[in-house]
K.L.:
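Can you read through this structure? Questions will come right after.
Chain identifiers are assigned alphabetically (A, B, ...) following the order of the sequence lines, protein sequences preceding nucleic acid strands; residue numbering begins at 1 within each chain.
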Number of protein chains: 2
Amino acid sequence: MTTARAGRARSTRQGVAVESLLEASSGFRSAQDLHAELRRRGDAVGLTTVYRHLQSLVDGGSVDMLRTVDGEALYRQCADSRHHHHLVCRRCGTAVEVSGQAVERWAGAVAREHGFTDVDHTVEVVGTCGECSAGPAPSS
Amino acid sequence: MTTARAGRARSTRQGVAVESLLEASSGFRSAQDLHAELRRRGDAVGLTTVYRHLQSLVDGGSVDMLRTVDGEALYRQCADSRHHHHLVCRRCGTAVEVSGQAVERWAGAVAREHGFTDVDHTVEVVGTCGECSAGPAPSS
DNA sequence: CGTGAACTGGTAACGGTTTTCATCTGCAGC
DNA sequence: GCTGCAGATGAAAACCGTTACCAGTTCACG
């Protein structure tokens, strides 16, 4: 264990499948959703394995995870690995990465004001994107 | 349905128990937690019933609900029924209600900038409160 | 009191996620 | 090319919070 995690990533068909599908997706997607689409594409990956890869990608910081109101976990590969938040379309799920010094400052200030330290925060903005509000029909 | 739902709220021992325990709690608590404490106090309320009351309190807007990272639902009775956010202690769970025009404005601006409409947002700030950072022992 | 609608709560069902464990497979090293 | 094996896989079972079911209880009102 002195030597970090030894041979960390053995390249496998499954790992590549999950990562590339995630990369090709523009919005947040659930594990089951990814699992289903992979199967549909004829490149099936066990559900357990999908979860395993998502988990390590999240741990590694290359994928962001958030929870829906009803507790389901959604994943998304983000271009920017620095701290950022999301603007998500409630209709089509498309997400845009946004950053805002304003919020960061506000969070820090509010926390300090109440004697809180070691502050962290979760901020997600949901709305209806231009495309979706243009064509009200849930398409597909 | 002209006459709203008739005698909507019949005051029951269980309902009072849940509401008052919630009222006496300063932080977010899980349904199971509330259920356990009520039982401990000798004022047991069925788990199903606890969930039912929490549900309607949330619907009625007098209680706020949020999800932990691992998908568990937490509830809290808030003094202010207007829009607000929370500053939660990651150690003891105590929560402070905070409001910030800054965030609201930021969210609106960011959304507009990307063509999103009908915007909503979730913002939670977590940190360690003064008391907890003073006495590092997780007490009780 | 009597009646019925609202409420209660034990138990079963649910759905997403994690664990288990027997099997398989990259990837050295020969 | 083979071989050995640590790491990877995945079907099935376990978990766990939450919800549905439904028979039994309670309360308001006549």
Side-chain angles (χ1 to χ4, degrees), chain A residues 1-22 28-60 63-76 93, chain B residues 1-22 28-60 63-76 93:
Chain A
M1 50 294 312
T2 12
T3 38
R5 37 315 223 24
R8 183 246 300 300
R10 196 154 78 181
S11 172
T12 64
R13 173 185 68 79
Q14 294 88 337
V16 172
V18 172
E19 285 177 48
S20 60
L21 175 51
L22 218 35
F28 281 88
R29 313 190 57 174
S30 72
Q32 316 244 14
D33 180 20
L34 294 167
H35 168 65
E37 177 156 350
L38 286 171
R39 163 144 41 182
R40 210 177 305 126
R41 289 188 176 190
D43 193 16
V45 174
L47 183 55
T48 308
T49 304
V50 171
Y51 274 111
R52 228 173 341 228
H53 281 284
L54 290 174
Q55 184 78 304
S56 65
L57 288 171
V58 169
D59 290 348
V63 164
D64 277 9
M65 174 187 110
L66 57 80
R67 296 250 170 207
T68 59
V69 197
D70 43 270
E72 194 178 14
L74 299 182
Y75 305 83
R76 178 175 196 269
Chain B
M1 67 254 329
T2 15
T3 38
R5 36 307 236 30
R8 185 245 297 301
R10 198 155 77 181
S11 173
T12 63
R13 173 184 69 79
Q14 293 88 338
V16 173
V18 171
E19 286 178 46
S20 61
L21 175 51
L22 218 35
F28 280 88
R29 312 191 58 175
S30 72
Q32 316 244 15
D33 181 18
L34 294 168
H35 168 66
E37 176 155 350
L38 286 170
R39 163 142 44 181
R40 211 178 304 127
R41 290 189 176 189
D43 194 14
V45 175
L47 183 55
T48 308
T49 304
V50 171
Y51 273 111
R52 224 174 343 229
H53 281 284
L54 289 174
Q55 184 76 307
S56 64
L57 287 171
V58 168
D59 290 349
V63 164
D64 277 9
M65 175 187 109
L66 58 80
R67 297 249 170 207
T68 59
V69 195
D70 43 90
E72 195 178 13
L74 299 182
Y75 305 83
R76 177 174 196 269

K.L.:
CE of Met65(A) versus C1' of dT18(C): gap in Å, rounded?
P.N.:
13 Å
K.L.:
Which heavy-atom pair separates Tyr75(A) from Leu22(A) by the least distance, and what is that distance?
P.N.:
O-CD1, 4.3 Å
K.L.:
Could you pull out the closest heavy-atom pair between Val45(A) and Ala17(A), with the gap in Å?
P.N.:
CG2-CB, 4.0 Å
K.L.:
Give one of base, sugar-phosphate or nothing for Ser11(B), where a contact means two heavy atoms less than 4.0 Å apart.
P.N.:
nothing
K.L.:
Rounded to whole angstrom units, what separation is found between the CG atom of Leu66(A) and the C1' atom of dG16(C)?
P.N.:
15 Å
K.L.:
dG10(D) base to Arg52(A) side chain: any donor-acceptor pair below 3.5 Å?
P.N.:
yes
K.L.:
State plainly whether the residues Arg67(B) and Asp70(A) are in salt-bridge range, i.e. N to O under 4.0 Å.
P.N.:
no
K.L.:
Rounded to the nearest Å, what distance is computed from the CG atom of residue Leu47(A) to the P atom of nucleotide dT19(C)?
P.N.:
14 Å
K.L.:
Can a side chain N or O of Gln14(B) be found less than 4.0 Å away from OP1 or OP2 on dG9(C)?
P.N.:
yes
K.L.:
Can you tell me the distance, in whole Å, between the CD atom of Glu72(B) and the P atom of dC16(D)?
P.N.:
11 Å
K.L.:
Measuring to OP1 and OP2 of dT9(D), would you say a side-chain N or O of His53(A) lies under 4.0 angstrom away?
P.N.:
yes
K.L.:
Look at the side chain of Arg10(A) against the base of dA8(D) and say whether a donor-acceptor pair falls under 3.5 Å; ignore hydrogens and angles.
P.N.:
no
K.L.:
Just one of Leu21(A), Leu54(A), Leu74(A) clears the side-chain contact (heavy atoms from CB on, under 4.5 Å) bar with Arg29(A), so which one?
P.N.:
Leu21(A)
K.L.:
Nearest whole angstrom, please: distance from the P of dT8(C) to the OH of Tyr51(B).
P.N.:
16 Å
K.L.:
When you measure from the side-chain N and O atoms of Thr49(B) to the phosphate of dG9(C), is any distance below 4.0 Å, counting only OP1 and OP2?
P.N.:
yes
K.L.:
May I have the distance from Arg67(A) (atom CZ) to dG17(D) (atom P), rounded to whole angstrom?
P.N.:
12 Å
K.L.:
Between Arg13(A) and dG10(D), is there a contact of a side-chain N or O with OP1 or OP2 at under 4.0 Å?
P.N.:
yes
K.L.:
Between Ser30(B) and Gly46(A), which is nearer to the 5' end of DNA chain D once each is assigned its nearest nucleotide?
P.N.:
Gly46(A)
K.L.:
Classify the side chain of Thr12(B) versus the base of dA6(C) as yes if they form a donor-acceptor pair under 3.5 Å and no if they do not.
P.N.:
no
K.L.:
What is the separation between atom NE2 on His35(A) and atom C1' on dA12(D), rounded to the nearest whole Å?
P.N.:
13 Å
K.L.:
Looking at every heavy atom in both His53(B) and Gly15(B), which two are closest together, and how far apart are they?
P.N.:
CE1-CA, 3.3 Å
K.L.:
Roughly, in whole Å, what's the span from CD in Gln32(B) to P in dG10(C)?
P.N.:
14 Å
